[in-house]
Amino acid sequence: MIKFADQFQYFEKFKKSEFCLPDSWIVVRLDGKQFTRFTDFHGFDKPNDIRALELMNRAAAKVMEEFEDICLAFGQSDEYSFVFKKDTDIFNRDRDTISSVVNSLFTSAYVFFWEHYFGYTKLLYPPGFDCRVVLYPCDSSLRDYLSWRQADVHINNLYNTAFWTLVKKGKHDRRKAQEILRGTVSRDKNEILFKDFGINYNNEPLMFRKGTTLIRKLVRCLKDDNCRECILQLHCDIIGDSFWEENLEILRQ
Ligand code: ATP
Ligand code: ATP
Ligand code: MG
Ligand code: MG
Ligand code: MG
């Protein structure tokens, strides 16, 4: 029996662990696998299904509840980014363990809470998410990363809003709508929405335009006057300085 165990020690040599660089922000980003198909299958409202966005936010909050070292999460469409504190020693900073546990917890929470948000709309097959870990050594690169993700929300949502307005209200087929939007810049899309359909893009819901930011805050409970840490859901600009000035504790670890 002992000999048997010794024999298997040999496999340990094949194991290769990669550790996240010390003193750097660990960002875990996951993204729905083939969600274009998944959203079609499940009849998501286009361009933005609120139930689906809220489900993503709920699953992300579950991940944040579980991992106290996550100081911020940012989500949009079928993706979520989780930011771990620079000095976290979660799973000894083992990259594979971090990404696999975050991803599987998020995915199972997505399935677990599905019914709460979708009611009678049945989940037709088990969804999957891809996941990657990216390290940012300084605060400014972390901010740039988050700005990039929020800029992405703006670009995609403006396009999708214009596209689906042309299809649903303009009665164009999808190919024609695509053609109309080809080569247009933001100003053109805003103009199409406003002039042809009376839609002021700036009045679209903030969650659609800015994505969702989850942060931790101490909140005073009215019942017993005690302070408790809560996960706060925001839909604000995180590109400019004001968000970071109002929430200094995020970068100050
Ligand atoms: P991949 O597997 O490469 O990620 P994908 O089909 O998931 O492929 P994405 O670029 O991730 O491609 O795009 C996500 C798709 O899911 C887009 O078509 C987007 O419109 C759709 N989607 C995601 N969330 C929602 C939502 N809340 N409401 C409506 N559509 C959504
Ligand atoms: P970690 O998060 O580090 O993996 P763990 O508690 O999951 O911690 P493991 O070494 O993976 O530790 O052990 C799995 C545990 O689950 C063991 O205690 C094992 O007995 C129990 N377990 C797993 N599958 C079954 C099963 N089918 N029936 C009964 N017990 C099980
Ligand atoms: Mg992807
Ligand atoms: Mg996807
Ligand atoms: Mg995506």
Side-chain angles (χ1 to χ4, degrees), residues 27-63 73-83 99-100 102-134 145-170 172-175 177-182 184 186 189 193 199 201 204-214 233-235 238:
V27 177
V28 179
R29 179 170 83 250
L30 44 82
D31 181 286
K33 179 173 170 287
Q34 291 185 352
F35 260 45
T36 306
R37 175 171 177 269
F38 183 82
T39 57
D40 268 356
F41 251 74
H42 293 88
F44 279 26
D45 298 332
K46 291 289 180 180
N48 290 290
D49 189 307
I50 297 175
R51 299 167 301 177
L53 293 173
E54 286 178 343
L55 173 58
M56 290 289 290
N57 296 340
R58 183 66 192 88
K62 178 69 209 164
V63 172
F74 180 76
Q76 56 136 332
S77 180
D78 66 340
E79 72 167 61
Y80 240 100
S81 297
F82 297 94
V83 180
S99 70
S100 61
V102 167
N103 191 12
S104 68
L105 180 62
F106 182 90
T107 306
S108 72
Y110 189 92
V111 172
F112 186 80
F113 294 118
W114 173 273
E115 201 183 319
H116 181 79
Y117 293 94
F118 278 88
Y120 291 115
T121 303
K122 282 263 171 290
L123 185 59
L124 298 173
Y125 64 88
F129 289 81
D130 69 40
C131 187
R132 67 206 62 196
V133 172
V134 192
Y145 168 79
L146 292 167
S147 299
W148 169 50
R149 293 329 296 151
Q150 192 167 57
D152 194 69
V153 183
H154 172 73
I155 292 163
N156 289 332
N157 191 58
L158 179 57
Y159 182 90
N160 290 336
T161 304
F163 178 85
W164 286 102
T165 303
L166 285 166
V167 171
K168 285 179 166 176
K169 295 200 171 144
H172 293 291
D173 64 31
R174 294 184 189 195
R175 183 140 38 101
Q178 214 171 11
E179 212 173 276
I180 293 171
L181 293 175
R182 190 172 301 132
T184 57
S186 290
K189 294 186 192 77
L193 283 169
I199 295 171
Y201 181 73
E204 289 293 293
L206 275 170
M207 180 160 66
F208 302 171
R209 290 188 292 121
K210 300 288 178 196
T212 299
T213 305
L214 303 177
Q233 183 172 312
L234 307 170
H235 309 290
I238 58 170

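Worth knowing before you read on, the calculation uses all heavy atoms, side chains too, and leaves out hydrogens, waters and symmetry mates. The first residue in the sequence is number 1, and the count goes up from there. Counting starts at 1 for both ligands and their atoms, following the listed order.
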Next on the checklist: Can you tell me if, anywhere in K33, an N/O/S atom lies at a distance from the Mg ion (ligand 4) that is smaller than 2.8 Å?
Outcome noted: no
Checklist outcome for this item: Any heavy atom of F44 under 4.0 Å from ligand 1? The part involved is side chain
Checklist entry - Can a donor-acceptor pair be found between the side chains of S81 and Y145 at a distance below 3.5 Å? => result yes
Next on the checklist: When you measure from the heavy atoms of D45 to every atom of ligand 1, does any distance fall below 4.0 Å?
Outcome noted: yes
Item to check | Angular separation of D31 OD1 and D78 OD2 about the Mg ion (ligand 4), given to 10° | outcome: 100°
Next on the checklist: I'd like to know whether NZ of K169 has more than 12 heavy-atom contacts from other residues, nucleotides or ligands below 6.0 angstrom.
Outcome noted: no
Item to check | Residue pairs passing the salt bridge (Lys or Arg N to Asp or Glu O under 4.0 Å) test where at least one lies in residues 34-45, sequence neighbours excluded | outcome: none
Item to check | Within-cut-off N or O pair, D31 and ligand 1, under 3.5 Å | outcome: yes
Next on the checklist: Applying a heavy-atom cut-off of 4.0 Å, say which part of E79 lies close to ligand 1: side chain, backbone, both or neither.
Outcome noted: neither
Checklist entry - If you measure every N/O of D49 against every N/O of ligand 1, is any gap under 3.5 Å? => result yes
Checklist entry - Ignoring hydrogens and geometry, is there a side-chain-to-backbone donor-acceptor pair from K168 to K46 under 3.5 Å? => result yes
Next on the checklist: Go through it in stages, so that I can follow the logic: the residues are L123 and H42, the test is side-chain contact (heavy atoms from CB on, under 4.5 Å), and I'd like the CA-CA distance, side-chain angles, deciding distance and then a yes or no.
Outcome noted: CA-CA 7 Å; L123 185 59; H42 293 88; 3.9 Å; yes
Next on the checklist: Using a plain distance cutoff, I'd like to know if N48 has any nitrogen or oxygen under 3.5 Å from a nitrogen or oxygen of ligand 1.
Outcome noted: no
Next on the checklist: Parallel, tilted or perpendicular: which one describes the rings of F106 and F129, with boundaries at 30° and 60°?
Outcome noted: perpendicular
Checklist outcome for this item: Numbered in order shown, the ligand 1 atoms found under 4.0 Å of a heavy atom of K33 are 2 (O)
Item to check | Pick from L53, D78, L30: the one approaching atom 13 (O) of ligand 1 most closely through a non-hydrogen atom | outcome: D78
Next on the checklist: Going by the closest heavy atom to atom 5 (P) of ligand 1, which one wins out of F208, W164, F35?
Outcome noted: F35
Checklist outcome for this item: Minimal heavy-atom distance between T107 and P127, with the atoms involved, is CG2-O, 3.5 Å
Checklist entry - Is A52 close to ligand 1, meaning an N/O of one under 3.5 Å from an N/O of the other? => result no
Item to check | Nitrogen or oxygen atoms of T39 and ligand 1 under 3.5 Å apart | outcome: no
Item to check | Heteroatom distance test (G32, ligand 1): nitrogen or oxygen, under 3.5 angstrom | outcome: yes
Checklist entry - Out of curiosity, T184 OG1 to L158 CG, how far, rounded to the nearest 0.5 Å? => result 8.0 Å
Checklist entry - Quick one: does V153's side chain get under 4.5 Å of K210's, heavy atoms only? => result no
Checklist entry - Can you find an N or O of N160 that's nearer than 3.5 Å to an N or O of ligand 1? => result no
Checklist entry - Is T36 in polar range of ligand 1, meaning some N or O pair under 3.5 Å apart? => result yes
Checklist entry - Has R58 got its NZ or CZ under 6.0 Å from the middle of the six-membered ring of F113, at an angle within 45 degrees of the ring axis? => result yes
